[in-house]
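To keep things clear, I will list the structure first and then write my remarks on it.
So that the names make sense, note that chain A is the first sequence line, chain B the second, and so on, each numbered from 1.
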2 protein chains.
Amino acid sequence: MEKDITIYDIARELDLSPTTISRALNDHPAVNKKTKQRISDAAAQMGYRSNLFASNLRTQRTNTIGVIVPRLNSPFMSSVLAGMEKVANDAGYNLIISQSLETLQKEVANAKTMFDSRVDGLLVSLSYETENIDHFLNIINKGIPVIFYDRVAEHRNCTSIVIDNLQAAYQATSHLIEQGCTNIVNITGNLKRNVYSDRLKGYKYALIDHNLAYNDANVIINNLSEEAGEEAAKKILKMDPLPDGIFVSNDTCAVSCIKTLKQAGVSVPRDIAVVGFNNDAISRVVEPNLTTINYPGQEMGEVAVRVLLLQMGGNTERIPSNTINLRSELIIRDSSLRSKISTKKKAILI
Amino acid sequence: MEKDITIYDIARELDLSPTTISRALNDHPAVNKKTKQRISDAAAQMGYRSNLFASNLRTQRTNTIGVIVPRLNSPFMSSVLAGMEKVANDAGYNLIISQSLETLQKEVANAKTMFDSRVDGLLVSLSYETENIDHFLNIINKGIPVIFYDRVAEHRNCTSIVIDNLQAAYQATSHLIEQGCTNIVNITGNLKRNVYSDRLKGYKYALIDHNLAYNDANVIINNLSEEAGEEAAKKILKMDPLPDGIFVSNDTCAVSCIKTLKQAGVSVPRDIAVVGFNNDAISRVVEPNLTTINYPGQEMGEVAVRVLLLQMGGNTERIPSNTINLRSELIIRDSSLRSKISTKKKAILI
DNA sequence: TTGTAAGCGTTATCAG
DNA sequence: CTGATAACGCTTACAA
């Protein structure tokens, strides 16, 4: 644990000034090429490493991007993070990641940490509990770019990155209707969050546009976990009449729901057709394979960092729109194909 | 973007010295309780935030833990990270996370970044390509604690956190043998990594101990991805005779393997029994449900950080053992239960 | 219990 | 092209 080499040590060694060393190491144009070479050689040989803190202290920048995420261990979020890390790392930025675990309390603490860590920019996806974004205001008001992704909030100075959840849900629900479903349940998450309330809207509008009645009793709100899917399925099994379609706001919950229904002797999609959301790996494994919305997580992460980098670069030409919409699409698999099944069924019956 | 408040500003405001402000904010005992209160009130009211860089520069500590991970978007790794973040955050540490994407080149770059960021401790799981840990030596030699987890390397000064991969694989393979399998294929990852070579050993020893021949031709080495599972299955389908059991080193690969086998008309477990590794969510969804090894990812992350904190705390009483073994266990599900199936089968045939 | 002053390692400014 | 000097904001001997 010997002492660190500083630019002073190099300066002494080469009989130059620390200033020149600093400039050379930062590839400043006003330094002789030969001296530059000598300096970088000496630095390497002496095992010099730049002290980021001194540098940060001086420059007031940190080369660090903060990320606040509801949970690290979700397939969707880990894709997002993978995309973020890739772009950030390529641009020479570090990522500080923290999770709110869906609580406001932790989210507030995380925001404070990010503030104190003086991140150059912040990426946030809100927790279930969050009611407002007061805890981000000091960051935003300092002029530090804050971008919300997936679970977003409105703020004049903040870009949001989302997919068109309403549209996606509308499409999913319409698909079920086209498959002949007339009594569709919607399982979704906390309506405080845009993603879930928008999906509920999409579901509702699709019903109305197809002249089907919307009914509050057909909406189940839970935390979309595996366990929640099981409970939801049990609730559904008690409904009379049984619904003939279910639109679930994520794949984890949809899959456990399907499992429970099957165990109870309900056939998917014949008795009940199911559509999920996210296109997690699990959706291609469950039987029948799950019809779902492809949500490009990795891309969302990449875009989020790219836009953040622009804004951190003092790019004052505002991104034209305050909201960036990524494309999503319905992927139709067997869990919703009633026409196909019933045709087959008929064929067999004959 | 006004100027930041510093302790000097507070000092001026309250007509005290910066020293006292600093001490008060750090809850130093030698400060009058009343002054402490006054100071912390003033700080809050003035919107003061501590400058971590100045503090880090002075104290030579960063309150930051670095994590290098092969990929962020794997179910296992995201569980590990969730565990790490939880413990680190509770202890007041930030997590800087970067991924090697299984390449040596990125891992080396990541190590350098962590070094330059002066992390107080480092958690590493090695990439596929890594041959040695030279790129971590400057960190280790500086006395910064480095802990390897899951995919580990040997170093006198570094603790490793693992499960007993050999034992787990031995158990998995023995289970297949007990189910009547006599011709078992092992699909595993790059043998440079302990996790995969140990699992191969466990497989081999189990065969030998049960008087079954070990055969190189029965070992498939790939990157354990979804696609790799499909290819492996195709390779297996060409084997003559067909094997009657497969032990796969992760669930993702095992599941896609099962899917491909089923599509080809092979019955699992009747024709071929399958065991996976990790106990990812997917293993509870595939049909038949996948027998697998429960690998406690979240716990591994928590333990890793806890041990790191001890070591960073200058806890010189070395952790007695240099390797920490977490418990893992075989979870038996239908994908490997041949005896049960054949019984059922018989019953039906009667 | 409080204060003075030096220094952590950089970089920006100004001067040569 | 190179150098002297003064910050950046905090902590810590040492002094009072």
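- In this structure, B:Lys142 and A:Asp4 have side chains that are in contact, with non-hydrogen atoms separated by less than 4.5 Å.
- Listed pair B:Thr20 / C:dG3 meets the phosphate criterion, a side-chain N or O lying under 4.0 Å from OP1 or OP2.
- Among the protein residues, A:Phe53 comes within range of no part of the nucleic acid, since none of its heavy atoms lies under 4.0 Å from any strand.
- Straight-line distance from the CG atom of B:Asn56 to the C1' atom of D:dG9: 12 Å, rounded to whole Å.
- Heavy atoms only, all atoms of each residue included: B:Gly47 and B:Ile5 are closest at O-CG1, 4.2 Å.
- Within the 4.0 angstrom heavy-atom criterion, no nucleotide atom of any strand lies near B:Arg118.
- The phosphate of D:dT2 (OP1 or OP2) has no side-chain N or O of A:Ser17 nearer than 4.0 angstrom.
- Atom CD1 of A:Ile21 is separated from atom C1' of C:dA12 by 17 Å (rounded to the nearest Å).
- Relative to the six-membered ring of B:Phe53, A:Arg118 misses at least one condition, a distance below 6.0 Å or an angle of at most 45° to the axis.
- Separating the CD1 atom of A:Ile39 from the C1' atom of C:dT10 is a distance of 15 Å, rounded to the nearest angstrom.
- Separating the CZ atom of A:Arg61 from the P atom of C:dA12 is a distance of 12 Å, rounded to the nearest angstrom.
- Nucleotide D:dT2 holds its C1' atom 10 Å from the CG atom of A:Asn32, rounded to whole Å.
- Picking from D:dC1, D:dC10, C:dG9 the nucleotide with the shortest atom distance to the side chain of B:Ala54 gives D:dC10.
- Here C:dT2 presents its P atom at 11 Å from NZ of B:Lys34, a figure rounded to the nearest Å.
- One finds no side-chain N or O of A:Tyr8 lying less than 4.0 angstrom from the OP1 or OP2 phosphate oxygen of C:dT11.
- The main-chain N or O of B:His135 is never found under 3.5 Å from a side-chain atom of B:Lys112 such that the two would form a donor-acceptor pair.
- Residue B:Ser22 places none of its side-chain N or O atoms closer than 4.0 Å to OP1 or OP2 of D:dC10.
- Residue contacts shown for B:Asn26 are limited to sugar-phosphate atoms, with no base heavy atom under 4.0 Å away.
- B:Leu52 comes within 4.0 angstrom of nothing in the nucleic acid, heavy atoms only.
- Seen from the ring of B:Tyr128, B:Arg151 counts as a face-on cation partner, given the 6.0 Å and 45° thresholds.
- Side-chain N or O atoms of B:Asn322 include one that pairs as donor or acceptor with a backbone N or O of B:Cys158 at under 3.5 Å.
- Protein atom CZ of A:Arg23 is 15 Å distant from nucleotide atom P of C:dT10, rounded to whole Å.
- Close to D:dC8, at under 4.0 Å from its OP1 or OP2, lies no side-chain N or O of A:Thr59.
- Both B:Arg58 and B:Lys33 lie near DNA chain C, and the one whose nearest nucleotide falls closer to the 5' end is B:Lys33.
- The residue B:Thr19 sits close to a base: some heavy atom pair falls under 4.0 Å.
- Each of A:Leu57 and B:Ser55 has a nearest nucleotide on DNA chain D; the 5'-most of these lies closest to A:Leu57.
- Taking atom CD1 on B:Ile7 and atom C1' on C:dT2, their separation rounds to 14 Å, with Å as the unit.
- Contact between the side-chain N/O atoms of A:Gln60 and the OP1/OP2 oxygens of C:dT11 is not found at any separation under 4.0 Å.
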